[in-house]
K.L.:
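Quick one: structure below, then a few questions.
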Amino acid sequence: MSREHLSTELLLRRLDGELTAGERDAVEEHLGGCAGCRLELDNLSAISSGIDKYSADLYQPAPVAQRRALSAALESKPARPKVYAALAMAASVILAVGLSLTHQQPPAPVPHAVDTFIALPDSNESLSSAGAVVMQVEVPRDAVALAGVPAGEGNSGGLVKAEVVVGADGLARAIRFLN
Amino acid sequence: MAPDTGIAGVLNSEVSRAPNAATQVVRLFDEHRPGLFRYLRWRGSSAEEADDAIQETFLRLHTHLRSGRPDANLRAWLYRVAANLVRDDRKSGRRRFSQPLETEAAVTWSDPAAGPEQLLLARESTDRLQGAIERLPSIERECLALRAEGFRYREIGEICGIGTSTVADVLKRAFETLARELS
């Protein structure tokens, strides 16, 4: 390494602090005795400064309303992750305890084909209903309320019984409350 | 899977995390919006397209944080999501324009005390570098943009979906091209 000039890649990685420990000493030793490589390093450094300046000049401050709009959107963000979390956990529990604790019915139609089922937010109506099943689960009433889904009346220890349409892909499509 | 965790537990932890997540998102927006904006402008987004993508990126970040997913490198995650959003928007036709970088960026980097001749030379140099950068292949521009934001090669590779050694090679080619064009 000390006889041949350093490659552009090696010099660039030296400039960027990306040399390995094994390379570092050899590169520094070479630079100490090679004016040509030091000049090349200076050239790369100058280009790097130009790139940094170019990048900095692309900046424009955020529109005044952007931050406010973000805050407002975060305030009003629907609680759908809670629904998904609940249903995902419900599915997990069902799988864990086995089919004996579930009531499996024949394949169900897609959510909108059954009036009493409520399509879950963002459920994909275009997916096939083949292989879909209906599972009975118990979901905390608080979670249902937080999700903005009408769960009907009744109280059974804070839990509400529901049927969930689960597609063959394992994703919940719709829910129907039984209470 | 955590079989001992009930639904109520999951929901309670979601709720307790929510206020912190929103606050954290706004803080991260303040911190990372400048870099994300520059990055998307490097990639050819207009200011409007960049701001729209950034807004959506931080809304997704909120969901990401509330889901309790790991955020080992949240900064890299932000850049990756923002880039994907712009790409998907363009594919779907929601954005019908892909603008070249505007000349407003062509501000000379020169000594304010320099004389007219030096300013002219600096301006020429600036224009040549800008032109050279904009003619680079997109992957080279992308790697340069992320490098300018201070990302390590490994992180650049993660964001661009390429290996670390490929990043080094791409950057080398970009620098060699720019050096040739400026010589």
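Naming convention: chains lettered A, B, ... in sequence-line order (proteins, then strands); numbering from 1 in each chain.
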K.L.:
Are the side chains of A:Leu12 and B:Arg147 in touch, meaning some heavy atoms are under 4.5 Å apart?
P.N.:
yes
K.L.:
Less than 4.5 Å apart, side chain to side chain, heavy atoms only: is that true for A:Ile51 and B:Leu178?
P.N.:
yes
K.L.:
Go through the atoms of B:Phe37 and report whether side chain, backbone, both or neither lie under 4.5 Å from a heavy atom of chain A.
P.N.:
side chain
K.L.:
In terms of heavy-atom proximity below 4.5 Å to chain A, should B:Phe29 be classed as side chain, backbone, both, or neither?
P.N.:
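For B:Phe29, the contact with chain A is made by the side chain alone.
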K.L.:
Which bit of A:Ser7 is near chain B, if near means a heavy-atom gap under 4.5 Å: side chain, backbone, both or neither?
P.N.:
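Contact with chain B involves no heavy atom of A:Ser7 at all.
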K.L.:
We want to know whether B:Arg41 and A:Ser55 form a side-chain donor-acceptor pair, criterion being a heavy-atom distance below 3.5 angstrom.
P.N.:
no
K.L.:
What are the two closest heavy atoms between A:Gly17 and B:Arg152, and how far apart are they?
P.N.:
O-NH2, 2.6 Å
K.L.:
Would you say that A:Asn43 contacts B:Phe175 through its side chain, given a criterion of any heavy-atom pair below 4.5 Å between the two side chains?
P.N.:
no
K.L.:
Looking at every non-hydrogen atom in both residues, tell me the closest pair between B:Ala22 and A:Leu74 and how far apart they are.
P.N.:
O-CD1, 3.8 Å
K.L.:
Kindly indicate whether the side chain of B:Glu134, heavy atoms from C-beta on, has any atom under 4.5 Å from the side chain of A:Tyr54.
P.N.:
yes
K.L.:
Out of curiosity, B:Ile54 CD1 to A:Leu70 CG, how far, rounded to the nearest 0.5 Å?
P.N.:
11.0 Å
K.L.:
Below 4.5 Å from any heavy atom of chain B, which atoms of A:Ala56 appear? Answer side chain, backbone, both or neither.
P.N.:
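Backbone of A:Ala56 only, per the 4.5 Å heavy-atom cut-off to chain B.
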K.L.:
In terms of heavy-atom pairs under 4.5 Å with chain A, which of B:Asp51, B:Leu182, B:Val26 leads?
P.N.:
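Among B:Asp51, B:Leu182, B:Val26, the one with the most close pairs to chain A is B:Asp51.
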K.L.:
Could you state the interatomic distance from CG (A:Leu11) to NZ (B:Lys172), rounded to the nearest 0.5 Å?
P.N.:
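Rounded to the nearest 0.5 Å, the CG-NZ separation comes out at 12.0 Å.
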K.L.:
Report the option among B:Arg33, B:Arg154, B:Arg173 that has the most heavy-atom pairs separated by less than 4.5 Å from atoms of chain A.
P.N.:
B:Arg33
